[in-house]
J.: 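Dumping the structure here so I can ask a few things about it.
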Amino acid sequence: MTSSSSATARRVLVTGGNRGIGFGLVAGLLARGDRVVLTARDHQRGEDARRRLLADHPGAEIGLEFVDVSSPESIDELAERLLADGRPIDGLINNAGILLAPPERTLTPEGVELTLATNTLGPMLLTERLMPLLAPAARVLCMTSRLHRPESRGDAVRFDPDDPNLDRGYSPDRAYKNSKLALIWVAEELDRRVPEGVTCNAVCPGFVPRTAAPYTKGLLKFELRFILPRLPFTVSVEQAAEDVLWALDDASLAGRGGLYLTDRAVAEPSADARDLDQADRFWTLGHALWGRPAPE
């Protein structure tokens with residue numbers, strides 16, 4: 001599926017493409033000859049990223065859009081702009097998200113816990129709104145994490161459908177893990193609803209410590225920047241981006257959706273993540289949290 005000429009180049013939308021893994025994804029796509037639309041939340045950072053990318057890839061087609069994926073209103077505005085433009089999308093990478101959840105529980109103006117809104121509900125709504133633009137055989141990727149597993153380090157994942165906003169027992173670990181578990185459910189449900197020939201998969205890019213460093217201070221910042229990247233269980237931004245792009249490129253995944261992918265392979269997620277009844281319930285719940293009916 002890799003493209004090398006303007007005649008066959010894909011048009012790929014990457015949310016949060018102005019920094020971290022997202023920036024690496026955009027750079028990797030441009031190196032393949034693809035046309036890219038990257039989104040950013042901050043205008044200046046988005047413009048700066050686009051200038052850097054054009055310096056490395058002169059003549060490349062790089063569109064820039066602004067969106068806050070924690071806001072349904074902002075997502076609707078982006079979707080309306082892209083729908084009005086009308087150009088098909090061959091790949092949608094839902095990369096934008098919160099890596100380190102706030103130390104104190106934070107709610108969006110709609111009353112949704114911020115990490116869940118950003119990491120889970122945003123990709124769900126954006127993909128839904130852009131379905132009319134998805135080209136035949138388009139691939140949609142949702143960036144999850146192996147931390148959705150119950151045995152992962154830190155506070156245990158515990159998604160309670162009666163307490164999705166963590167009114168009880170909030171912790172940054174749990175908020176992040178819950179959002180990534182729920183995103184696997186979203187990917188499974190989206191794959192059932194995308195147009196025929198289109199697929200949606202959940203992808204874990206691995207642990208990239210340097211992407212978390214800007215949000216920390218002191219010793220932890222030093223460890224994330226200089227110590228943890230040397231350890232064997234971590235990956236670089238470039239490696240993580242290439243592993244994600246494998247899911248967009250690899251011919252063996254053609255027509256295969258609803259999968260959990262990591263380390264360039266199809267893997268088994270947790271038992272909860274495989275529970276299609278929970279996925280179906282979250283589909284309805286996720287829309288209800290934003291006061292919207294769930295499409296069948």
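Computed over heavy atoms, backbone and side chain alike; hydrogens, waters and symmetry mates excluded.
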J.: Identify, with sequence neighbours excluded, every residue that meets side chain to side chain donor-acceptor pair (under 3.5 Å) alongside Lys180.
T.: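 Result, side chain to side chain donor-acceptor pair (under 3.5 Å) vs Lys180: none returned.
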J.: How long is the straight-line distance from CZ of Arg19 back to CG of Asn95, given to the nearest 0.5 Å?
T.: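 Separation between the atoms: 8.0 Å.
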J.: Shared ILVMFWY cluster between Val194 and Val14, side chains joined below 4.5 angstrom?
T.: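 Val194 does not cluster with Val14.
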J.: Is there a donor-acceptor contact under 3.5 Å linking the side chains of Asn94 and Thr127?
T.: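 The answer is yes; a qualifying pair exists.
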J.: Could you state whether Leu13 and Leu54 fall into the same hydrophobic cluster, counting links through intermediate Ile, Leu, Val, Met, Phe, Trp or Tyr residues with side-chain heavy atoms under 4.5 angstrom apart?
T.: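 Cluster IDs for Leu13 and Leu54 differ.
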J.: Quick one: do Leu181 and Leu285 end up in the same hydrophobic cluster if we chain Ile, Leu, Val, Met, Phe, Trp and Tyr together by side-chain heavy atoms under 4.5 Å apart?
T.: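 Yes, same cluster.
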J.: Check the surroundings of atom CD in Glu151: do more than 12 heavy atoms from other residues, nucleotides or ligands lie under 6.0 Å from it?
T.: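 Check passes, neighbour count above 12.
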J.: Is Leu64 linked to Leu25 within one hydrophobic cluster, defined over Ile, Leu, Val, Met, Phe, Trp and Tyr using a side-chain heavy-atom separation of less than 4.5 Å?
T.: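 Shared cluster, yes.
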J.: What closest approach, in Å, do Leu141 and Val244 show between heavy atoms, and which atom pair accounts for it?
T.: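 Where Leu141 meets Val244 most closely, the heavy atoms are CD1-O, 3.7 Å.
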J.: Is there a side-chain hydrogen bond (donor to acceptor under 3.5 Å, both in side chains) between Asp155 and Ser171? Walk through the geometry before answering.
T.: CA-CA 7 Å; Asp155 293 334; Ser171 76; 2.9 Å; yes
J.: Could you walk me through whether Arg292 and Asp76 pass the salt bridge (Lys or Arg N to Asp or Glu O under 4.0 Å) test, one step at a time?
T.: CA-CA 13 Å; Arg292 300 189 175 204; Asp76 284 338; 2.5 Å; yes
J.: Output yes when Arg193 and Glu128 qualify as a salt bridge under the 4.0 Å nitrogen-oxygen rule, no when they do not.
T.: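 No, no charged N to carboxylate O under 4.0 Å.
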J.: With sequence neighbours left out, write down each residue that passes salt bridge (charged side-chain N to carboxylate O under 4.0 Å, His left out) with Arg11, or none if nothing qualifies.
T.: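 Here the qualifying residues are Asp85.
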J.: Would you say the side chain of Arg10 lies within less than 4.5 Å of the side chain of Asp249, judging by non-hydrogen atoms?
T.: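 In short, these two side chains touch, coming nearer than 4.5 Å.
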J.: Does the side-chain contact (heavy atoms from CB on, under 4.5 Å) test come out yes or no for Leu190 and Trp283, once each step is laid out?
T.: CA-CA 9 Å; Leu190 283 169; Trp283 181 257; 3.8 Å; yes
J.: Locate the shortest heavy-atom distance separating Glu188 from Ala273; write the atom from each residue and the value.
T.: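 In this case the closest contact between Glu188 and Ala273 is OE2-O, 2.8 Å.
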J.: Taking all heavy atoms of Leu261 and all of Ala247, pick out the closest pair and write down the distance.
T.: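 Nearest heavy atoms, Leu261 then Ala247: CD1-CB, 3.7 Å.
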J.: Look at the side chain of Asp160 and the backbone N and O of Asp162, then say whether any donor-acceptor pair between them is shorter than 3.5 Å.
T.: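 Side chain of Asp160 to backbone of Asp162, a donor-acceptor pair under 3.5 Å: yes, one is there.
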J.: Between Glu110 (side chain only) and Val112 (backbone N and O only), is there a donor and an acceptor less than 3.5 Å apart?
T.: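 No, Glu110 side chain to Val112 backbone: no donor-acceptor pair under 3.5 Å.
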J.: Is it the case that the side chains of Ser74 and Asp68 hold a donor-acceptor pair, with the cut-off being a distance below 3.5 Å and no angle test?
T.: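 No, no side-chain donor-acceptor contact under 3.5 Å.
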J.: Quick one: does any side-chain atom of Thr106 pair with a main-chain N or O of Glu104 as donor and acceptor, under 3.5 Å?
T.: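 Flag set: sc Thr106 to bb Glu104 pair under 3.5 Å.
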J.: Would you indicate whether the side-chain heavy atoms of Trp290 and Met124 approach each other to under 4.5 Å?
T.: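 In short, these two side chains do not touch, never coming nearer than 4.5 Å.
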J.: Under the salt bridge (Lys or Arg N to Asp or Glu O under 4.0 Å) criterion, do Glu61 and Arg87 qualify, and how do the steps go?
T.: CA-CA 14 Å; Glu61 183 178 321; Arg87 284 181 289 173; 3.3 Å; yes
J.: Return the minimal non-hydrogen interatomic distance between Pro123 and Thr118, and the atom names on each side.
T.: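 So the minimum-distance heavy-atom pair works out to CD-O, 3.5 Å.
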J.: Are Leu183 and Val69 connected, step by step, through hydrophobic side chains (Ile, Leu, Val, Met, Phe, Trp, Tyr) whose heavy atoms are closer than 4.5 Å?
T.: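 Same hydrophobic cluster.
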J.: Distance from Leu166 atom CG to Leu107 atom CG, nearest 0.5 Å?
T.: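 Going from CG on Leu166 over to CG on Leu107, the span is 10.0 Å.
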J.: OG1/Thr262 to CD/Glu268 distance, rounded to the nearest 0.5 angstrom?
T.: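 With rounding to 0.5 Å, OG1 (Thr262) is 13.0 Å from CD (Glu268).
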J.: Between the side chains of Ser152 and Arg146, is a donor N or O closer than 3.5 angstrom to an acceptor N or O?
T.: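 Distance-only check fails for Ser152 and Arg146.
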J.: Nearest 0.5 Å, what's the OG-CD1 distance between Ser270 and Ile184?
T.: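 The CD1 atom of Ile184 is 6.0 Å from OG of Ser270, to the nearest 0.5 Å.
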J.: Would you say the side chain of Asp243 lies within less than 4.5 Å of the side chain of Pro205, judging by non-hydrogen atoms?
T.: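 Answer no - side chains too far apart.
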J.: Stepwise, does the side-chain contact (heavy atoms from CB on, under 4.5 Å) test hold for Arg129 with Leu78?
T.: CA-CA 9 Å; Arg129 290 299 318 274; Leu78 170 62; over 6 Å; no
J.: For Val12, is there any backbone N or O sitting under 3.5 Å from a side-chain donor or acceptor partner on Asp90?
T.: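 Looks like no, no N/O pair under 3.5 Å.
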J.: Is there a side-chain contact between Ile93 and Val203 in this structure, where contact means two heavy atoms from C-beta onward sitting under 4.5 Å apart?
T.: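 Answer no - side chains too far apart.
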J.: Please walk me through it: do Leu259 and Leu253 pass side-chain contact (heavy atoms from CB on, under 4.5 Å)?
T.: CA-CA 9 Å; Leu259 304 174; Leu253 296 175; 4.1 Å; yes
J.: Side chains of Asn201 and Cys142: does their closest heavy-atom pair fall under 4.5 Å?
T.: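 Side chain of Asn201 against side chain of Cys142, heavy atoms only: no contact under 4.5 Å found.
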J.: Say you draw a straight line from CG of Leu83 to CG of Leu130; how long is it, rounded to the nearest 0.5 Å?
T.: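 Reported to 0.5 Å precision, the distance equals 6.0 Å.
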J.: Donor-acceptor check, side chain of Arg35 to backbone of Ile62, threshold 3.5 angstrom: yes or no?
T.: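 Judged by distance alone, no pair lies under 3.5 Å.
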J.: Can you confirm whether the side chains of Glu113 and Thr115 place a donor and an acceptor under 3.5 Å from each other?
T.: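 On atom types as modelled, these side chains qualify, holding a pair under 3.5 Å.
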J.: Are the charged groups of Glu189 and Arg192 less than 4.0 angstrom apart, N to O?
T.: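 A salt bridge links Glu189 with Arg192.
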J.: Is the CZ atom of Arg41 crowded by more than 12 outside heavy atoms at less than 6.0 Å?
T.: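 Count not over threshold, so no.
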J.: Hey, are the side chains of Ser71 and Thr108 touching, using non-hydrogen atoms and a 4.5 Å cut-off?
T.: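 A side-chain contact is absent here, since even the closest heavy-atom pair is not under 4.5 Å.
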J.: Show the nearest heavy-atom pair for residues Gly46 and Asn18, with the distance to one decimal.
T.: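 Here Gly46 and Asn18 meet closest at CA-CB, 4.2 Å.
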J.: Please step through side-chain contact (heavy atoms from CB on, under 4.5 Å) for the pair Val157 and Leu147, ending with a clear verdict.
T.: CA-CA 8 Å; Val157 60; Leu147 294 181; over 6 Å; no
J.: Side-chain contact test, heavy atoms from C-beta onward, threshold under 4.5 Å: evaluate it for Arg139 versus Arg256 and give yes or no.
T.: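 Of all side-chain heavy-atom pairs linking Arg256 with Arg139, none is under 4.5 Å.
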J.: Looking only at heavy atoms, what is the nearest atom pair of Leu30 and Ala60, with distance?
T.: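 The pair with the smallest heavy-atom distance is CD2-CB, 3.9 Å.
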J.: Check for a donor-acceptor pair, side chain of Ser179 on one end and backbone N or O of Asn119 on the other, with a separation under 3.5 Å.
T.: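 Looks like no, no N/O pair under 3.5 Å.
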J.: Counting C-beta onward and ignoring hydrogens, is there a side-chain heavy-atom pair between Leu289 and Leu116 closer than 4.5 Å?
T.: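 Leu289 vs Leu116: side chains touch.
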J.: Show your reasoning for whether side-chain hydrogen bond (donor to acceptor under 3.5 Å, both in side chains) applies to Ser252 and Asp250.
T.: CA-CA 5 Å; Ser252 71; Asp250 197 78; 2.3 Å; yes
J.: Using a strict threshold of under 4.0 Å (side-chain N to carboxylate O), is an ion pair present between Asp167 and Arg105?
T.: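 Between Asp167 and Arg105 there is a salt bridge, with a charged N closer than 4.0 Å to a carboxylate O.
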J.: To the nearest 0.5 Å, how far apart are CE in Met131 and CG in Leu133?
T.: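 These two atoms lie 12.0 Å from each other.
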J.: Answer yes or no: are there more than 12 heavy-atom neighbours, outside Arg45 itself, under 6.0 Å from its atom CZ?
T.: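 Result for CZ/Arg45: open.
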J.: May I ask you to decide if Gly255's main-chain N or O and Thr199's side chain share a donor-acceptor pair within less than 3.5 Å?
T.: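 Checking the backbone N and O of Gly255 against the side chain of Thr199, no donor-acceptor pair under 3.5 Å is found.
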J.: According to the ring-ring contact (aromatic ring centres under 6.0 Å, His included) rule, which pairs have a member within residues 134-182, sequence neighbours left out?
T.: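 Checked against ring-ring contact (aromatic ring centres under 6.0 Å, His included) - neighbours excluded - the pairs reaching residues 134-182 are His148-Tyr260, Phe159-Trp185, Phe159-Phe282.
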